[in-house]
4 protein chains.
Amino acid sequence: MIIYFRPMRVKDELKQEAVIEATVKLVNETGFVSSSVAKIAKEARVSPATIYIYYKNKEDLLVSTYIEIKHKLSKALLENFDETLPIRDILKNFWHNAFDFARKNPDFIKFTEQFSNSPFSDLVDKAEVEKYFLPMLSVLQRGIEQKIIKDVHYEMLGAFIFFPVMILSNPRLCTDIKLNEETIEQAFTLAWDAIKL
Amino acid sequence: MIIYFRPMRVKDELKQEAVIEATVKLVNETGFVSSSVAKIAKEARVSPATIYIYYKNKEDLLVSTYIEIKHKLSKALLENFDETLPIRDILKNFWHNAFDFARKNPDFIKFTEQFSNSPFSDLVDKAEVEKYFLPMLSVLQRGIEQKIIKDVHYEMLGAFIFFPVMILSNPRLCTDIKLNEETIEQAFTLAWDAIKL
Amino acid sequence: MIIYFRPMRVKDELKQEAVIEATVKLVNETGFVSSSVAKIAKEARVSPATIYIYYKNKEDLLVSTYIEIKHKLSKALLENFDETLPIRDILKNFWHNAFDFARKNPDFIKFTEQFSNSPFSDLVDKAEVEKYFLPMLSVLQRGIEQKIIKDVHYEMLGAFIFFPVMILSNPRLCTDIKLNEETIEQAFTLAWDAIKL
Amino acid sequence: MIIYFRPMRVKDELKQEAVIEATVKLVNETGFVSSSVAKIAKEARVSPATIYIYYKNKEDLLVSTYIEIKHKLSKALLENFDETLPIRDILKNFWHNAFDFARKNPDFIKFTEQFSNSPFSDLVDKAEVEKYFLPMLSVLQRGIEQKIIKDVHYEMLGAFIFFPVMILSNPRLCTDIKLNEETIEQAFTLAWDAIKL
DNA sequence: GATGAATGAGTGTTCATTCAT
DNA sequence: CATGAATGAACACTCATTCAT
């Protein structure tokens, strides 16, 4: 009997997932500055060289991780999306989805916030990320046409209905607010009052 | 009585200022990751060793720079602060001050945003920074008591009247909105609608 | 059953040996103060980073080098060790082994002397090094019991039969004595006269 | 009344002494490697620049400190030196002086041992140091002529009557021997037995 | 005589990445 | 596919020394 110690050439998705998890964890805990490839590899129980099989370089690893998270986020946000509901209800559903995601995946939120405020974010194809949110945009557009929502630039509307979620979920920014059904509902009232006509 | 004071070669304030400027510039352009002490020193036309005369270490340099900027910001925000005016006018004045500062010092805004979303921000004495904004807080408090402003946590109010400024001024987040008198006024309407009763 | 074992690129023992040699050489020639890791690496024709694969840090490199040498020394000293011989002959054999080693490996002697007089030596597990010399100790013990050797502390005996070798072999201390069969024999006479009853 | 903050040009011997003390202390505690001029200056409560008034450079500081200590040592050793006494008594007096000095100035001993085993010692004018010990040499010479002492090289005699003092006084080498009148007397017996005819 | 600011060159160490296996 | 060894370049930081005062 002969044993060849040559593993099958099976792309190991578990490994790739472990690398992403390790990246998020390390970046959140220690920041980009001290998140070296060697440390990420160690955390993921993988050789540094292995990372270079999946990603072109460190930059690619970080950007890919970001996009991956954004993708997960967008899927979460659009859950139960129903165009036929009243606009306020659509936004409210979206709003709750966002807080749900933030509560369940605080690491992802932390990572994206750190990432999107760094020059790394310039490397991301904005269009690709934005397209996930197109359905929301068309809802806002409809709201404006129906004179339900103020007729201002969609980025301004976003500043009052998308970003507050991020801010309120960010423990670095909001240290003593407690996120529960009541406060989330409260916050939505403010957001809706801001944009509604 | 006259005292002829013959000082030793004295700490050069111009140099220290150059170091801070270089820090902000480099961090904004290339991020924390690739803003090495050597590069900052070069940008400031100073020896790396000199930086260690003014700051204990790199961390100290970054944190001090952040606090310095926050201090400047707070002074700018409270300009023309007049407690006797109607609450809406006080907030509006504050709002315009904020956009003014952001327009004149985009580098400072960029830096603080990157900084406050990084683990470095954990090293800052929050209380010290917050105290600059106490006057604003007491205005909000009064508004609540007078049933002009919604009775919710001040952090939630902040998410709708302080952070929108940051978001709208951030070219990374708002790529095509044009900041002018009109849009700023517009934005304030949204903000006020959000928090007013 | 046959196992084809295909190893990764494997730690290069030649490289490690070269690092130790370079360390000894440089420390002897220029002292600890100016024996930087970079210089040692250059001397060993190796990257500075490579040294950190084999040793945790510079301290570890120096301490390991010292222990390695002590180990070699102890093996050399105990060559032809024969408990059945008269005590004087055992000591004499030991004595000649020591001078042989010192003559053949002057660098090792120089290094250990510099090392053991520096604060680095506090980092060495003394017990581990001492155990190599236990056989000699038991010989001395026997000599005392048989009333052949003076009944004094073993460290004192050591000061007269172990250290003189070091002193006489040290060109820094003994500049004009010539070490040959005659002088070594002479020195042993003095040592033996010192400790014998 | 005018006050000129221009101190008198008085060479401050206290300062110089403080520098030497600081040097010895730091080198003993942390070794040559981490005894920087800045640290020594701080320990001596003096500016780094001040040290360069008294010494050409760091090397000069270390070497001068060594010679200074050696000078003190030699003066201590030759106390009560009386040529007319029997040779054994002269040596014994010397022996006791040496242990006295070692007991009272362990820092000096530690420093000289570290120094003389480092390449720094090559920078010392050996002749200058040796001349302090010439009286001892002539005693040994006389002993040889009178057939009281073995007719061997003076360096070999030294290895048995000078160095044992160093070894026995060195806590790094002799960890559990207790130095008291009895053991010192004991050690002298061994030393004398070694060299006497 | 005495100083603290200033510095280029150097320190120990870690980096992102490649290579042979 | 996957690895740990290997590395030159870079890292944060300290060095011995000088300079203006």
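All values reported here derive from a predicted model rather than from experimental measurement. Below, read A as the first sequence line, B as the second, and so on, with proteins coming before strands; counting in each chain starts at 1.
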Margin query: Does the protein touch nucleotides 10-16 of chain F at the base, only the backbone, or not at all? Give it as B, S and - per nucleotide, heavy atoms under 4.0 Å.
Written below: -SSBBBS
Distance check needed: [N] [atom2] versus [X] [atom1], whole Å only.
{"X": "A:I51", "N": "E:dC15", "atom1": "CD1", "atom2": "C1'", "value": "13 Å"}
{"X": "B:Y54", "N": "E:dG4", "atom1": "OH", "atom2": "P", "value": "15 Å"}
{"X": "D:K42", "N": "E:dG4", "atom1": "NZ", "atom2": "P", "value": "12 Å"}
{"X": "C:I53", "N": "E:dC19", "atom1": "CD1", "atom2": "P", "value": "16 Å"}
{"X": "B:Q16", "N": "E:dA5", "atom1": "CD", "atom2": "C1'", "value": "12 Å"}
{"X": "C:L62", "N": "E:dG12", "atom1": "CG", "atom2": "C1'", "value": "12 Å"}

Item checked: Contacts of type ring pair (Phe, Tyr, Trp, His ring centres under 6.0 Å), residue A:F32, not counting sequence neighbours ->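 For A:F32, the residues satisfying ring pair (Phe, Tyr, Trp, His ring centres under 6.0 Å) (neighbours in sequence not counted) are A:F120.
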Checklist line | Considering all heavy atoms, the nearest D:A18-D:A44 contact | finding: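 Closest heavy-atom pair between D:A18 and D:A44: O-CB, 3.6 Å.
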Item checked: salt bridge (charged side-chain N to carboxylate O under 4.0 Å, His left out) partners of D:D125, counting only residues at least two apart ->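 With neighbours one apart ignored, the set is empty.
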Note to self: My understanding is that only residues two or more places apart in sequence, or in another chain, count here; which of them pass salt bridge (charged side-chain N to carboxylate O under 4.0 Å, His left out) with C:K25?
What the structure shows: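 Salt bridge (charged side-chain N to carboxylate O under 4.0 Å, His left out) check on C:K25 returns C:E43.
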Checklist line | D:K39 (side chain) donor-acceptor with D:S34 (main chain) under 3.5 angstrom | finding: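 Yes; at least one donor-acceptor contact below 3.5 Å.
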Check: Can you check whether D:N117's main-chain N or O pairs, donor with acceptor, with D:S121's side chain at less than 3.5 Å?
Finding: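 No.
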Note to self: Taking only side-chain N and O atoms of C:T50, does any of them lie within less than 4.0 angstrom of OP1 or OP2 on F:dA6?
What the structure shows: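 No, outside the criterion.
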Checklist line | Heavy-atom neighbours of D:K126 NZ exceed 12 at 6.0 Å | finding: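 Counting other residues, nucleotides and ligands, NZ of D:K126 exceeds 12 neighbours.
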Item checked: Watson-Crick and G-U pairing of DNA chain E, under 3.5 Å, as dot-bracket with | and [ ] -> .||||||||||||||||||||
Margin query: According to side chain to side chain donor-acceptor pair (under 3.5 Å), who are the partners of A:E113, at least two apart in sequence or on a separate chain?
Written below: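 Checked A:E113 against side chain to side chain donor-acceptor pair (under 3.5 Å); matches are A:N170.
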Check: Pick from C:T112, C:I109, C:I20: which one makes a side chain to side chain contact (heavy atoms under 4.5 Å, CB included) with C:I69?
Finding: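 That would be C:T112; it is the only one of C:T112, C:I109, C:I20 passing the side chain to side chain contact (heavy atoms under 4.5 Å, CB included) with C:I69.
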Note to self: Of the listed nucleotides (F:dC1, F:dT7, E:dA2), which one gets closest to any side-chain atom of D:K15?
What the structure shows: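 The nucleotide sitting nearest to the side chain is E:dA2.
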